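What follows is a single structure, written as structure tokens, with notes after it.
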2 protein chains.
Amino acid sequence: MDNRQRLLDCALDLFSQRGYDAVGVREVVEAVGVTKPTLYHYFDSKRGLLEALLRREGSRLLTEVLRASIYQGDLVFTLETIVRAYFAYAQHATSYYRMQLGMYFSPPESEANQAIRPFANQQREIMEGVFIQAADDHGNLRGRHVRYAAGFLGTINATIGLYLNDELTLTDELVYQTVHQFMHGIFS
Amino acid sequence: MDNRQRLLDCALDLFSQRGYDAVGVREVVEAVGVTKPTLYHYFDSKRGLLEALLRREGSRLLTEVLRASIYQGDLVFTLETIVRAYFAYAQHATSYYRMQLGMYFSPPESEANQAIRPFANQQREIMEGVFIQAADDHGNLRGRHVRYAAGFLGTINATIGLYLNDELTLTDELVYQTVHQFMHGIFS
DNA sequence: GACAAAATATACCGATCGGTATATTATATA
DNA sequence: TATATAATATACCGATCGGTATATTTTGTC
């Protein structure tokens, strides 16, 4: 009944499967069963449709990651909580996570990348904040927060990438393994 | 003078900056200063242009990574050699690496992803082979080669991603740090 | 220089692109 | 019930999409 939500749902499916550029507005409205003016009534442009989609889905991820990233002296615990939040979100919003990942690595001058960048930057700042705080307790981390944040997010996304390709399941054990490997390497 | 090479060069620039879908063949030929039949004389289609580009650039990366991935009992040494090969390639062929990264994470049913998948799979098999061989010497690695290969490539690409965004330089010291962190974690 | 083949250009194809002017229908409020 | 507004549809816009039929030029070979 709510055509606005159905347009967003449909755009999410199509964008995540074939990409923002490859999907036309015509295809979106036909899949929903409405016409173009309906889409342009709710969203001013195709870009506006994408940004509304990012707001609806992306803010939920940010909220959960933000809540998970409170550092209170136990870095392993905080990182495990963060990984759990990412895994839970990727499982609950598989299509969106696939789309977000694709947009994050899309070319720098593409519309998709420009639209996702604010969300990516926020995730990144959250992660860097954790390592900056942790450096107060673990001095040898100091000055490496950029690399660590990128590396940790890279590890998380590599794992979720395997999940998206049906090569593993995101278990609670995997949360532990992921953080343990990041903290202590593959030999221990 | 070689219009075929110039078309590939130009396609590489445009695809890496704005993406395969967002760049039309018209734009490519105009940037080179030829006309469409010239492009279609060398490449049967836009997709053929992309695949020729991947063959020209991607095979070089595969050759170098393959040579770097010979395991002879010293896992740290092999991983460092591999990271060095990736870093060298990313520095030497920045545009192509950016494009490859974007295509790897592009939607599964997009042309870009389907075209890059053979190359991505080969890189992945090379990495898995290293960890499978290393498991003969380090039994505790056994059965985790998929996760480790994905995690290691994820770490490499996260680092190169920072380089592509001008947030660090790919030094020899960073090679050591990347492998050391992967092997022993961030605390040591 | 004759001639075949490769390389390039002109001019066009139908289809689709994102977007809109205008009209109509449904809905809520007074 | 009158009226304004939100929601939707019909029909269209110019531009660009990937691709091609045909003709011309260049090039290498004998």
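A note on names: the letters A, B, ... follow the listed sequences, proteins ahead of strands, and every chain is numbered from 1. Here the structure is a predicted model, which is why all the values come from computation and not from measurement.
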Spatial distance of atom CD (A:Gln5) from atom SG (A:Cys10) [nearest 0.5 Å]: 13.0 Å

Rounded distance (nearest 0.5 Å) linking atom CD of A:Gln114 with atom CG of A:Leu50: 11.0 Å

d([atom1], [X]; [atom2], [N]) in whole Å:
{"X": "A:Arg6", "N": "D:dA7", "atom1": "CZ", "atom2": "P", "answer": "15 Å"}
{"X": "A:Asp2", "N": "C:dA26", "atom1": "CG", "atom2": "P", "answer": "18 Å"}
{"X": "B:Leu39", "N": "C:dA9", "atom1": "CG", "atom2": "C1'", "answer": "14 Å"}

Expected output: side-chain A:Arg4 to main-chain A:Thr38 donor-acceptor under 3.5 Å: no

B:Tyr96 side chain vs B:Ala90 backbone, donor-acceptor pair below 3.5 Å: no

Reference residue A:Tyr20; test side chain to side chain donor-acceptor pair (under 3.5 Å); the match among A:Arg47, A:Lys46, A:Glu111: A:Glu111

Atom pairs and distances, donor-acceptor, side-chain atoms in residues 22-29 of chain B, under 3.5 Å, two or more places apart:
| residue | atom | partner | partner atom | Å |
| --- | --- | --- | --- | --- |
| B:Arg26 | NE | B:Glu30 | OE2 | 3.3 |
| B:Glu27 | OE1 | B:Arg18 | NH2 | 2.9 |
| B:Glu27 | OE2 | B:Arg18 | NH1 | 2.9 |
| B:Glu27 | OE2 | B:Arg18 | NH2 | 3.2 |

List every contact pair, protein side and nucleotides 17-19 of chain D side both N or O, where the distance is under 3.5 Å.
| residue | atom | partner | partner atom | Å |
| --- | --- | --- | --- | --- |
| D:dG18 | OP1 | B:Lys46 | NZ | 2.9 |
| D:dG18 | OP2 | B:Val25 | N | 2.9 |
| D:dG18 | N7 | B:Lys36 | NZ | 3.2 |
| D:dG18 | O6 | B:Lys36 | NZ | 3.4 |
| D:dG19 | OP2 | B:Tyr40 | OH | 2.8 |
| D:dG19 | OP2 | B:Lys46 | N | 2.9 |
| D:dG19 | N7 | B:Lys36 | NZ | 2.8 |
| D:dG19 | O6 | B:Lys36 | NZ | 2.2 |

B:His138 and A:Phe187 aromatic ring geometry - parallel, tilted or perpendicular at 30°/60° bounds: tilted

Reckon [X] has a side-chain N or O less than 4.0 Å from the OP1 or OP2 of [N]?
{"X": "A:Asn3", "N": "D:dT8", "answer": "yes"}
{"X": "B:His41", "N": "C:dT8", "answer": "no"}
{"X": "B:Thr38", "N": "C:dA9", "answer": "yes"}
{"X": "A:Tyr42", "N": "D:dA6", "answer": "no"}

Test side chain to side chain donor-acceptor pair (under 3.5 Å) applied to A:Gln177 and B:Arg147, step by step: CA-CA 10 Å; A:Gln177 289 172 345; B:Arg147 260 182 53 216; 2.9 Å; yes

List every contact pair, protein side and nucleotides 22-25 of chain C side both N or O, where the distance is under 3.5 Å.
none

